[in-house]
Amino acid sequence: MSMHQPPQLAGVPALWRARYETVRHRTLALAEPLSDEDCGAQSMPDASPIKWHLAHTTWFFETFILERMEDGFAPFHPAFRVLFNSYYNGVGEKHPRAQRGLLTRPSMAQVRAYRADVDRRIARLADSVRDAAQARELGALLTLGMQHEQQHQELMLTDVKHLLAQNPLLPAYLEGALAGAAPVAPPAWLAFDGGLVDIGHDGEGFSFDNELPRHKQCVAPFALASRLVTNGEYLAFIEAGGYDDPALWLAEGWDWVRANGLRHPLYWRRGDGGGDWREFTLHGAQPLDLARPVTHVSLFEADAYAHWAGARLPTEGEWELAARAAEVETGWLHPAGLAAGHDGQALAQLFGHCWQWTSSSYAPYPGYRAAPGALGEYNGKFMVNQYVLRGSSCATPAGHARASYRNFFPAGARWQFTGIRLARQP
């Protein structure tokens, strides 16, 4: 299995159970502020109900661990194998993605019971392992399952944000106003020499298979902006007619803007009569903070802004080379302003704020091989018609980000916390 190995195990120690319990508890905690009605609704085909996320992450452990390794395995409910399969054709049939919000049954109580049952059985399986080879296999599968669940934790926040934004009451996921960010100076441009560099995961700790194999890339000298593009800077693009100038846009992006009547990022709204801009957040509708990073923009919007600003988007190789020594920050449920004292002499906001669009199409690295079996469907089959994003967002769980991580979405996607970092030639 290429979804990278945990340390060698002689049995499955308590540390692994503690990690498992921490991840599983956080998923339930993310659902805690929500009603059962919130948890069952689906706002669009790309987003899933919270109840489905809770069940699918459990289905992953049941299907790929218990079914494979538990003596006398029997499913918690036979129908769940289809209802909560996401895209694994090798496992069997799937309930249509766009109809997940129609699953009024099972109830939230039944889904919580499903989670509790699978958790008990995973703990019992871990206690029963005595063979070192079996322990390594279980450790690798548990690691992948926990990383998978962390991905869904991020999706839970972005999906429920989209759901709540459709409600005319504009309800908050969590109450409380966002503090204002400090004003920012224009970004500095930090130069990098490039060269023949190693790109991809270095083998230390976990990685997904799409981060492998590590390989050589020739990167020309380049410069990156020291911080992310702000709301204020993006507002200047809007006010300069950025959404009206086809010369700034990729042809498909211009068609997308016109077909959808778009004039601003996803969650921006103006008051009645053209008043001040406001932004819908997980804390509800808030005044647009001009110093915070702009977020929820598509690749099309990011690329158009870069052209307007006389710059471009970085390649994923450039981004990874520049980010290797950066500290990985964790999120705050909305992109934050610059840390106090930032002087522009180092890259800021690489992690924990917004996923950053790159100009790189999502494609396999040279020598990439998908894992055998259904788990091989995890990443490889999506390597078409998508673009790579790097970094992490304010919704990414602590410990989940790294410089080699490759996120990916279609060019028109913007319900994730996606932002803009500019690049140019030095």
Side-chain angles (χ1 to χ4, degrees), residues 1-9 12 16 19-20 23-24 27 48 52-71 73 75-76 78 80-95 97 114-115 118-119 121-122 125-126 129 131-155 200-201 203-214 362-365 367-384 386 388 397 399-400 402 404-409:
M1 177 182 294
S2 57
M3 284 83 160
H4 240 64
Q5 335 263 16
Q8 297 296 304
L9 302 172
V12 180
W16 286 93
R19 291 175 179 170
Y20 176 87
V23 169
R24 298 284 284 167
T27 306
S48 297
W52 187 90
H53 285 294
L54 295 175
H56 168 71
T57 50
T58 303
W59 172 96
F60 193 95
F61 288 105
E62 181 181 51
T63 302
F64 293 120
I65 296 182
L66 294 178
E67 186 172 322
R68 181 185 301 197
M69 303 183 73
E70 183 183 42
D71 290 338
F73 169 81
F76 177 84
F80 286 9
R81 185 179 178 86
V82 172
L83 290 183
F84 302 119
N85 182 4
S86 54
Y87 52 71
Y88 294 93
N89 295 315
V91 172
E93 295 299 315
K94 306 174 293 295
H95 184 76
R97 179 173 183 171
Y114 178 37
R115 290 181 66 88
V118 168
D119 288 347
R121 292 159 65 190
I122 288 288
L125 176 63
V129 170
D131 176 80
Q134 187 183 41
R136 284 192 295 272
E137 180 184 15
L138 179 56
L141 290 170
L142 282 172
T143 300
L144 179 59
M146 289 185 284
Q147 294 283 331
H148 167 262
E149 184 144 348
Q150 287 184 308
Q151 290 182 315
H152 279 270
Q153 290 169 356
E154 181 164 352
L155 288 170
H201 192 259
E204 292 294 321
F206 176 84
S207 73
F208 288 111
D209 59 0
N210 64 356
E211 301 170 55
L212 298 169
R214 193 166 172 88
Y362 182 50
Y365 284 158
Y368 168 80
R369 291 180 180 273
L375 283 173
E377 300 183 53
Y378 201 105
N379 283 305
K381 70 181 185 181
F382 298 110
M383 292 175 174
V384 62
Q386 312 214 52
V388 174
H400 191 67
R402 55 193 168 272
S404 61
Y405 199 114
R406 304 176 80 201
N407 205 349
F408 53 93
F409 284 103

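Every value quoted in this text rests on a predicted model; they were computed, and no experiment measured them.
Annotation: side chain of Tyr362 is in contact with side chain of Asn210 (closest heavy-atom distance under 4.5 Å). Leu375 has its side chain within reach of Phe60: a pair of non-hydrogen atoms, C-beta onward, lies under 4.5 Å apart. With a 4.5 Å cut-off on side-chain heavy atoms, Tyr114 and Leu54 do not count as touching. In this structure, the side chains of Arg19 and Thr143 stay at 4.5 Å or more apart for every pair of heavy atoms. Here the side chains of Ser207 and Leu212 are in contact, with some heavy-atom distance below 4.5 Å. A heavy-atom distance below 4.5 Å is found between the side chains of Ile122 and Leu142. Annotation: side chain of Trp59 is not in contact with side chain of Val118 (no heavy-atom distance under 4.5 Å). Residues Met383 and Phe408 are not in side-chain contact: their nearest non-hydrogen atoms beyond the backbone lie 4.5 Å or more apart.
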Problem - Step-by-step side chain to side chain contact (heavy atoms under 4.5 Å, CB included) determination, Leu144 to Tyr378 - result: CA-CA 10 Å; Leu144 179 59; Tyr378 201 105; 4.2 Å; yes
Practice task
In sequence, state the C-alpha distance, the side-chain angles, and the governing distance for Arg81 and Thr63, and then conclude on side chain to side chain contact (heavy atoms under 4.5 Å, CB included).
Solution key: CA-CA 8 Å; Arg81 185 179 178 86; Thr63 302; 4.2 Å; yes
Exercise for the section: For Trp52 and His95, run side chain to side chain contact (heavy atoms under 4.5 Å, CB included): C-alpha distance rounded to whole Å, both residues' side-chain angles, the deciding distance at 0.1 Å, then the answer. Expected result: CA-CA 11 Å; Trp52 187 90; His95 184 76; over 6 Å; no
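In this structure, CD on Gln150 lies 9.0 Å from CZ on Phe206, to the nearest 0.5 angstrom. Rounding to the nearest 0.5 angstrom, the gap separating the CG atom in Leu141 from the CD1 atom in Ile65 is 5.0 Å. Atom CZ in Arg121 sits 5.0 Å away from atom CG in Leu66 (nearest 0.5 Å). For the atom pair CD of Gln151 and OG1 of Thr57, the computed distance is 12.0 Å after rounding to the nearest 0.5 Å. Going from atom CZ of Phe73 over to atom CZ of Arg68 covers 12.5 Å, rounded to the nearest 0.5 Å. Taking CG from Asn379 and OH from Tyr368, the interatomic distance works out to 5.5 Å, rounded to the nearest 0.5 Å.
Phe76 and Glu62 get closest at one heavy-atom pair: N-OE2, 2.8 Å. Arg406 approaches Ala363 most closely through the heavy-atom pair NH2-O, 2.9 Å. Taking all atoms of both residues into account, the shortest heavy-atom contact from Gly367 to Pro213 is C-CD, 3.8 Å. The minimum heavy-atom distance linking Lys94 with Tyr88 is given by the pair CD-N, 4.0 Å. Closest non-hydrogen pair, Glu377 versus Asn89, comes out as OE1-N, 2.9 Å. Among all heavy-atom pairs drawn from Ala374 and Phe64, the shortest one is CB-CE2, 3.9 Å.
Each of His201, His400, Glu211 was scored for a side chain to side chain donor-acceptor pair (under 3.5 Å) with Tyr405, with one residue passing: His400.
Residues satisfying the ring pair (Phe, Tyr, Trp, His ring centres under 6.0 Å) test with Phe382, not counting sequence neighbours, are Tyr87. For Asp119, the side-chain contact (heavy atoms from CB on, under 4.5 Å) test picks out Tyr20, Arg24, with sequence neighbours left out.
Arg115 has a carboxylate O that lies under 4.0 Å from a charged side-chain N of Glu149, or vice versa, which qualifies the two as a salt bridge.
Residues His56 and His148 place their aromatic rings such that the two centres sit under 6.0 Å apart.
Under a 3.5 Å cut-off, the side chain of Gln153 and the backbone N or O of Val23 do form a donor-acceptor pair.
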